[in-house]
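Below is one structure; the comments refer to it alone.
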Amino acid sequence: MDTKLPPYATVGQRIWFYGFRVICGLIFFFLIAPILTIIPLSFNAEDFFTFTPGMLALDPDAYSLRHYREFFGQGGYPWIGLLIGLALGIAATVALKMFKGTTNYFPIVIFAIIGLIVGKLSGLEGEEWMTPMRNSLRIAPVATLLSVGFGTLAAIGLSQSHVPFKGAIMAILISPMIVPLIISAAGMYFFYSRIGLQGTFMGVVLAHAALGIPFVIITVTATLVGFDRSLTRAAANLGANPVTTFFRIQMPLILPGVISGGLFAFITSFDEVVVVIFVGSAGQQTLPWQMFTGLREQISPTILAAATVLVAISVILLTVVELLRQRSERLRGIDPH
């Protein structure tokens, strides 16, 4: 999209130039405004879902972290987890320095965050919000691994020229993105009831994996469009077997698409509520399920704190996806901007 209006533009072109930007701005506003509204409300010191006069007057006493304290609970061992995570991160950084000669402090940050989360979630059995959070963090990673594995293999298989009915197979594989969730959930409920997966951890994981596979297929297929297949033929001519060729030649080039698809699958599983209500049980109650229950039975502002945490996680993951997209385009010689 052109960012500047040329001096010879006609009146109609000028109207469209500025009108198009106004339309885009309005769409962006109506998409973002509801999300941004809940963030300041989550700091409300009162048990209200509206802005109090004190909040509108920017009175510091009208703001509080009480809903975040209720959300995160009082138990767990966050500081112990943080210390263990820092130790593991420092060890990983030293190992990278010794064996690869690179200085990278990224493992310290990652291990510290993981240690903090794991420490906080440890010993919180029975907490109103942390138990569903722990269930979400148990289900989403396993579902993501299954989605990435099956989705990547499906995308690579469908990229081969000799596969028949590729269009029909692709349509079937990405159908979970198109079919309304309530229909998919009802179908999974009746199917799982017959094979004994209804109300089990594995049943919820498989259901979420089925919802995440289309995202992996689409992102990996996009990275395979620019893949030079002469590289795999050259590796085969040099004696590499198909497994070695896949992990040493093909996987490094499609890795940004695989990671992007995995992040989308993780977000889908972490935020999903309809399917888990149908195929799950009380033992698999996830964070979105707890939020839905809270809205229906008790309108607690703690839900706003939980929603803000989910928004922050989504923003972080989408930022990673965008950085990976730019890296993938740079590797293929395309200007990411």
Side-chain angles (χ1 to χ4, degrees), residues 92-93 95-104 106-107 110-111 114 140-177 202 205-206 208-269 317-336:
T93 302
L96 287 174
K97 178 67 175 177
M98 292 177 61
F99 294 105
K100 301 191 71 173
T102 58
T103 302
N104 191 344
F106 193 65
I110 294 298
F111 277 101
I114 294 175
V142 182
T144 301
L145 289 176
L146 293 176
S147 301
V148 168
F150 293 135
T152 303
L153 292 177
I156 293 175
L158 290 173
S159 68
Q160 305 300 317
S161 58
H162 63 275
V163 176
F165 308 113
K166 288 194 294 185
I169 297 174
M170 175 67 84
I172 293 173
L173 290 176
I174 67 172
S175 59
M177 295 180 64
M202 185 53 64
V205 167
L206 292 176
H208 282 188
L211 298 177
I213 285 175
F215 294 98
V216 180
I217 291 177
I218 291 174
T219 55
V220 175
T221 301
T223 57
L224 286 171
V225 170
F227 181 72
D228 186 1
R229 302 195 178 280
S230 62
L231 296 174
T232 57
R233 290 194 291 271
N237 288 334
L238 293 173
N241 58 46
V243 176
T244 302
T245 302
F246 173 74
F247 284 106
R248 301 292 295 274
I249 303 298
Q250 197 167 19
M251 180 54 93
L253 294 175
I254 67 172
L255 189 59
V258 175
I259 296 176
S260 299
L263 290 175
F264 279 118
F266 182 84
I267 295 173
T268 301
S269 174
L317 294 180
L318 290 176
T319 302
V320 174
V321 170
E322 175 61 18
L323 294 175
L324 289 173
R325 184 192 67 81
Q326 294 184 8
R327 179 180 181 274
S328 175
E329 293 187 351
R330 280 196 297 270
L331 288 176
R332 288 185 291 169
I334 304 173
D335 184 2

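Hydrogens, waters and symmetry mates are skipped; everything else that's a heavy atom, side chains included, is used. In this chain, residues are counted from 1 in sequence order.
For I249, the side chain to side chain contact (heavy atoms under 4.5 Å, CB included) partners are L231, A235, T245, not counting sequence neighbours. The side-chain hydrogen bond (donor to acceptor under 3.5 Å, both in side chains) search around T221 returns none, not counting sequence neighbours.
The side-chain heavy atoms of H208 and T268, taken from C-beta on, include no pair separated by under 4.5 Å. With contacts defined as side-chain heavy-atom distances shorter than 4.5 Å, the pair L224/Q250 qualifies. Under the 4.5 Å side-chain criterion, counting only non-hydrogen atoms from C-beta, I174 is not in contact with F215.
Just one of L211, V216, T152 meets the side chain to side chain contact (heavy atoms under 4.5 Å, CB included) condition when paired with S147; it is V216.
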Test V142 against M202 for side-chain contact (heavy atoms from CB on, under 4.5 Å), laying out the working first. CA-CA 9 Å; V142 182; M202 185 53 64; 5.7 Å; no
What do the steps show when you test L146 against L206 for side-chain contact (heavy atoms from CB on, under 4.5 Å), and what is the final call? CA-CA 8 Å; L146 293 176; L206 292 176; 4.0 Å; yes
When you look at I213 and V148, which way does the side-chain contact (heavy atoms from CB on, under 4.5 Å) test go after all the steps? CA-CA 7 Å; I213 285 175; V148 168; over 6 Å; no
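Closest non-hydrogen pair, A154 versus I217, comes out as CB-CD1, 4.0 Å. Taking both residues in full, the closest heavy atoms of T219 and G257 are given as OG1-O, 2.9 Å, listed atom of the first, atom of the second, then distance.
Within 6.0 Å of CZ in F264 there are 12 or fewer heavy atoms belonging to other residues, nucleotides or ligands.
Of the possible polar contacts, one joining the T223 side chain to the V220 backbone as a donor-acceptor pair under 3.5 Å is found. Between the side chain of S175 and the backbone N or O of I172, at least one donor-acceptor pair lies under 3.5 Å.
To the nearest 0.5 angstrom, L158 atom CG is 7.5 Å from K166 atom NZ. In this structure, L255 CG and S260 OG are separated by 9.0 Å, a value rounded to the nearest 0.5 Å. Remark: F246 CZ to I156 CD1 distance equals 4.0 Å, nearest 0.5 Å.
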